[in-house]
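Report on the structure given below.
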Amino acid sequence: MNASAGTIGVALVLIVLIIFVLVVLVKSVRIIPQARAGVVERLGKYQRTLNPGLTILIPFVDRLLPLLDLREQVVSFPPQPVITEDNLVVSIDTVVYFQVTDPRAATYEIANYIQAVEQLTTTTLRNVVGGLNLEEALTSRDQINGQLRGVLDEATGRWGIRVGRVELKAIDPPHSIQDSMEKQMRAERDRRAAILTAEGTKQSQILTAEGQRQAAILAAEGDAKAAILRADGEAQAIHKVFDAIHKGNPTQKLLAYQYLQTLPKLADGSANKLWIIPSEVGEALKGIGNVLGTTTPDPRSDGQDPAARP
């Protein structure tokens with residue numbers, strides 16, 4: 001009995017020793033991941049900062065605090081009401097990009113650096129936007145971002161934090177101001193549209209008048225050239241007829257006959273109500289009579305003058 005009890009006691013002691021050794025090993029050997037950092041306290045006092053890799057701690061003497069993320073972090077803060085210089089309340093959403101550069105300072109210089117960054121961003125934003133009116137606040141985002149980043153980076157430097165960027169997600173003015181701005185923008189768009197329409201109408205009328213003027217000028221030039229060509233053609237025709245008549249050496253009889261053939265043409269047309277016979281018609285008829293009297297003598301005549309007959 002005593003021997004078996006002693007054996008059991010030795011076994012229990014060995015089991016306890018094994019468990020103790022395992023616990024010591026677990027507490028002694030720690031692996032720090034990449035882009036992480038750990039702060040070690042020895043007997044409650046800062047001892048060192050652990051870098052990524054394998055490290056050995058003294059069990060029950062050294063204590064490893066929660067690891068810190070060394071990557072750049074993005075924190076979006078809820079909308080904050082801000083009063084502008086012209087006493088309008090606007091709601092502004094902000095996004096802060098920051099990175100822990102000193103794990104020791106981030107652990108011991110500030111209790112909660114994320115909350116501290118949020119509160120510092122809110123107060124700085126109110127100071128910056130409070131000196132601007134609504135229109136400047138809406139159109140000066142880059143300027144506001146730069147001022148916020150400068151103030152935050154300077155204030156968080158002693159906390160072991162570097163602020164990379166500060167962005168304004170949205171600036172929402174009151175609904176009444178939004179309605180007024182929309183009406184103003186709509187009126188401005190309508191004004192620009194009316195101006196463009198009037199300008200287009202003006203240009204169209206100018207181009208139309210210019211086109212009509214050019215068309216009238218071209219038509220007049222065409223009529224003038226056509227009249228000149230017609231006059232030249234008529235002159236050439238008259239000249240050719242005149243030359244042909246002179247070359248043919250017409251007699252007075254032929255001319256009188258052609259003159260009589262031309263007379264009926266004067267009465268052509270329904271508009272001719274009065275036919276005026278020139279005085280030369282008598283002379284032409286006399287010439288024709290003489291011709292006929294010479295060429296076709298009356299058979300009843302004996303060649304003597306009727307007045308001389310007995």
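Atoms CG and CZ, on L50 and R30 in that order, are 9.0 Å from each other to the nearest 0.5 Å. Note: L148 CG to Q143 CD = 10.5 Å, rounded to the nearest 0.5 Å. Taking CD from Q115 and CG from L120, the interatomic distance works out to 12.0 Å, rounded to the nearest 0.5 Å. Put simply, CD1 on I217 and CD on Q212 are 12.0 Å apart, with the number rounded to the nearest 0.5 Å. The CD atom of Q80 sits 8.5 Å away from atom CG of D93, with the distance rounded to the nearest 0.5 Å. Remark: D62 CG to R48 CZ distance equals 6.0 Å, nearest 0.5 Å.
Summarising the geometry of A35 relative to P52, their closest heavy-atom pair is N-CG, 4.1 Å, with the distance given to 0.1 Å. The two residues V89 and P81 have their closest heavy-atom pair at CG1-CB, 4.1 Å. Closest heavy-atom contact between I171 and A137: CD1-O, 3.3 Å. The minimum heavy-atom distance linking N87 with I83 is given by the pair CA-CG2, 4.0 Å.
Evaluation of the side-chain hydrogen bond (donor to acceptor under 3.5 Å, both in side chains) rule for T84 yields D86 as partners, not counting sequence neighbours.
A distance-only check finds no donor-acceptor pair linking the side chain of S204 to the backbone of G200 [under 3.5 Å]. Checking side-chain atoms of D153 against main-chain N and O of R149 turns up no donor-acceptor pair under 3.5 Å. With hydrogens and angles ignored, the 3.5 Å screen pairs a side-chain donor or acceptor of T101 with a backbone N or O of G160. A distance-only check finds a donor-acceptor pair linking the side chain of Q99 to the backbone of L70 [under 3.5 Å]. A donor-acceptor pair under 3.5 Å links the side-chain atoms of N127 to the main chain of T123, judged by distance alone.
Atom CG of L65 has more than 12 heavy atoms from other residues, nucleotides or ligands within 6.0 Å. The environment of Q214 atom CD is dense: over 12 non-hydrogen atoms of other residues, nucleotides or ligands sit within 6.0 angstrom. Within a 6.0 Å radius of CZ in F60, other residues, nucleotides and ligands contribute more than 12 heavy atoms. In E154, the CD atom is not crowded: 12 or fewer heavy atoms of neighbouring residues, nucleotides or ligands sit closer than 6.0 Å. Surrounding CD of E135 are at most 12 heavy atoms belonging to other residues, nucleotides or ligands under 6.0 Å away.
By the 4.0 Å N-to-carboxylate-O rule, E234 lies too far from R230 to be salt-bridged with it.
By the 4.5 Å heavy-atom criterion applied to side chains, V74 and V95 are counted as neighbours. Contact of the P79 side chain with the K169 side chain is not registered, since no non-hydrogen atoms from C-beta on lie closer than 4.5 Å. Counting heavy atoms from C-beta outward, I92 and L125 have side chains that approach closer than 4.5 Å. A 4.5 Å side-chain heavy-atom check between R141 and E167 finds every atom pair outside the cut-off.
Listed by first and then second residue, the salt bridge (charged side-chain N to carboxylate O under 4.0 Å, His left out) pairs that reach into residues 65-85 are R36-D69, D69-R71, sequence neighbours excluded.
Grouping the Ile, Leu, Val, Met, Phe, Trp and Tyr side chains by contacts below 4.5 angstrom, directly or via other members, places Y46 apart from V100. When hydrophobic clusters are built by joining Ile, Leu, Val, Met, Phe, Trp and Tyr residues whose side-chain heavy atoms come closer than 4.5 Å, directly or via intermediates, L134 is grouped together with L132. Hydrophobic clustering (side-chain heavy atoms under 4.5 Å, transitive across Ile, Leu, Val, Met, Phe, Trp, Tyr) keeps W159 apart from L67. I110 and V39 sit in two unconnected hydrophobic clusters of ILVMFWY residues. Membership requires side-chain heavy atoms under 4.5 Å apart, directly or through other members. Tracing side-chain contacts under 4.5 Å through hydrophobic residues (I, L, V, M, F, W, Y), one never reaches I58 starting from V40; they form parts of separate clusters.
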For this session: Before giving the answer on side chain to side chain contact (heavy atoms under 4.5 Å, CB included), spell out for E210 and L207 the whole-Å C-alpha distance, their side-chain angles and the decisive distance to 0.1 Å.
Result: CA-CA 5 Å; E210 184 68 21; L207 293 177; 5.5 Å; no

Exercise. When you look at R189 and R186, which way does the side chain to side chain contact (heavy atoms under 4.5 Å, CB included) test go after all the steps?
Worked result: CA-CA 5 Å; R189 287 195 296 267; R186 192 180 305 114; 4.0 Å; yes

For this session: Might you work through the salt bridge (charged side-chain N to carboxylate O under 4.0 Å, His left out) test for E188 and R192, ending with a clear yes or no?
Result: CA-CA 6 Å; E188 182 67 20; R192 292 180 181 178; 3.2 Å; yes

Problem set entry | Evaluation steps, side chain to side chain contact (heavy atoms under 4.5 Å, CB included), between V29 and I56 | CA-CA 5 Å; V29 180; I56 304 297; 3.7 Å; yes

For this session: List the steps, then state whether side chain to side chain contact (heavy atoms under 4.5 Å, CB included) holds for T156 with F98.
Result: CA-CA 10 Å; T156 58; F98 67 92; over 6 Å; no

